[in-house]
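Quick notes on the structure that follows.
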Number of protein chains: 2
Amino acid sequence: MSSDSNSSIQQIPEPTLRRLPLYHQLLSEKHSEGAKNISCTEISNILGFTAIQIRKDLAYTGAVGRSKTGYNVKELLYILEDILGYTKTKDALIVGAGNLGLALMGYDGFKNYGLNIVAAFDTDPQKTGKLFHGKAVFDISELEKLAKEKGIKIGILTVPSAFAQETADLMVNAGIKAIWNFAPVKINVPDDVLVQHENLASSLAVLSHKLDNLTSVQRNE
Amino acid sequence: MSSDSNSSIQQIPEPTLRRLPLYHQLLSEKHSEGAKNISCTEISNILGFTAIQIRKDLAYTGAVGRSKTGYNVKELLYILEDILGYTKTKDALIVGAGNLGLALMGYDGFKNYGLNIVAAFDTDPQKTGKLFHGKAVFDISELEKLAKEKGIKIGILTVPSAFAQETADLMVNAGIKAIWNFAPVKINVPDDVLVQHENLASSLAVLSHKLDNLTSVQRNE
DNA sequence: TCCTTATCGATATTTATTTATCGATATCAT
DNA sequence: ATGATATCGATAAATAAATATCGATAAGGA
């Protein structure tokens, strides 16, 4: 209530926000191909969303286009990178050095998104003290010290469901303010900590369900 | 138009569908704890969605509850497993044996969701011909033969963005009807092939954006 | 047995998101 | 220079989803 200097950012709807990285991806391709301008119609033809929706999405970013020409590629790219936080690097740590944790550790793509994974933590002595993808895996007991030392605010949670809550508690104690949760369970955190739930089971459910419908439709034809 | 015997399935909204696995997860915990019944209020207290929303979600599944008692845990669990396709195993293959592909290959959780990853494919001779997590990695040239032989309809796409489209084309040629796409680019496929886009960049964008707002709000306080 | 209360299920309302409409404008071809 | 057209941006309409309301009902206690 007190201030809404950032309300213009706040109010980007989540569905729009989720499409912005796709526009960014396309824009950066077009930019490297030397394109100067791009219209919603062109984006629409490539990405498959309607031009109207794209225009509305871009309006949320504050980007300004020109009639008949479209948007300036370089400028739009910059705006998107700024909004998506790709320009300022954010440190993060991973808790849970299982398969998924290690995969995320080794995923180079994150650096393009401004995410720098500093280290991982685990309880398994087979893993702690080693390097994976050039990054160290520490014992979970070191979490608080390292997080506070480096002021890390983002934690990626990739432990089995059964340990998700206790791990989240440790993260909160360590000063983590945003948790990207890959465990398919809800975790409880204080109000000032943010949880982003990444649920592969949900996506799989959608896929599986659509596939069911697809095949039953085909049977009916 | 001709038949809508499956319309009751078709019309489950995607947001609802994405929540169903969370209910399932909770229900299976409660079931193993010996709970016989559960109410929307109780689910609400644990998962944090409103009881009203949960009741509406469950209504889509056809589950029937009892006043004052709630739903029968075992029955609801069964209904959810059926809708989510957890009861019938579906074979899938992975194309792209990079970090993410290997992680998904090794993820035991999928078998609980009815997904059985049969094998992976890659072009890198360092990887092909080897076993990872007990599953073989074949050269991409074997894809069509194996997919058709085993009648595999689901493909998980974990190659770098630059190769996503050509890989998707290979999958389509191999008879794949549903592609779970982890590359952060749009892929074009025939109408009878379904694509489920899994975009970590989108989730990260949401996280990053919310974190930005969180910190700017805190600065303003 | 009867009263209180928690809960469901159906319906209605509100809010969020997508899609459509249309005037203004800039570019291109004539 | 002029006209045709593609495009944006603002506004309006339609659709989808979340939330609220309320009567009916079943359980448990007085």
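A quick note: this is a predicted structure, and the numbers were derived from the prediction, not measured. Here is how names work: the chains are called A, B, and so on, in the same order as the sequence lines, proteins then strands, and each is numbered from 1.
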Rounding to an integer number of Å, can you tell me how far [X] [atom1] sits from [N] [atom2]?
X     : N      : atom1 : atom2 : result
B/E14 : C/dT17 : CD    : C1'   : 14 Å
A/N37 : C/dA26 : CG    : C1'   : 12 Å
A/I12 : C/dT17 : CD1   : C1'   : 15 Å
A/Y60 : C/dA16 : OH    : P     : 10 Å
A/D57 : C/dT19 : CG    : P     : 10 Å
B/K56 : C/dT11 : NZ    : C1'   : 9 Å

Contact boundaries on DNA chain D for chain B, cut-off under 4.0 Å to non-hydrogen atoms: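 Boundary nucleotides touching chain B, in 5' to 3' order, are D/dA17 to D/dA27.
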
Residue A/P15, side-chain heavy atoms: nucleotide from C/dT17, C/dT19, C/dT25 that is nearest: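 The answer is C/dT17, which lies nearest to the side chain.
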
From CD1 (B/I187) to CE (B/M171), nearest 0.5 Å: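 Answer rounded to 0.5 Å: 7.5 Å.
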
Whether B/T87 side chain and B/D82 backbone form a donor-acceptor pair below 3.5 Å: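 Checking the backbone N and O of B/D82 against the side chain of B/T87, no donor-acceptor pair under 3.5 Å is found.
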
Distance test, side-chain N/O of B/R55 to OP1/OP2 of C/dT11, below 4.0 Å: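 Looking at the OP1 and OP2 atoms of C/dT11, neither is under 4.0 Å from any side-chain N or O of B/R55.
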
Residue whose closest nucleotide on DNA chain C lies nearer the 5' end, A/T50 versus B/A59: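 Looking at DNA chain C, the more 5' nearest nucleotide goes with B/A59.
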
Parallel, tilted or perpendicular: rings of A/F110 and A/W180 (30°, 60°):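 Ring orientation, 0 to 90° scale: perpendicular.
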
Other residues, nucleotides, ligands: >12 heavy atoms within 6.0 Å of A/Y78 OH: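 No, OH of A/Y78 has 12 or fewer neighbouring heavy atoms, counting only those of other groups under 6.0 Å.
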
Residue pair A/R18, B/H197: steps toward the side-chain contact (heavy atoms from CB on, under 4.5 Å) verdict: CA-CA 11 Å; A/R18 289 189 162 271; B/H197 204 105; over 6 Å; no

Pair A/Q165, A/D169: side-chain N/O donor-acceptor within cut-off below 3.5 Å: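 Looking only at side-chain atoms, A/D169 and A/Q165 do form a donor-acceptor pair, the distance falling under 3.5 Å.
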
5′-ward residue of the pair A/I38/B/T16 relative to DNA chain D: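 This one resolves to A/I38.
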
Pairwise 5' ranking along DNA chain D for A/A63 and A/K68, keeping only the more 5' one: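 It is A/K68 whose nearest nucleotide is closer to the 5' end.
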
Touch class at under 4.0 angstrom, heavy-atom based, for B/T41 against every strand present: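 Result for B/T41 = sugar-phosphate.
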
Atom of B/L207, atom of A/I179 and distance for their closest heavy-atom approach: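 Answer, listing the atom of B/L207 first, then A/I179: CD1-O, 4.2 Å.
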
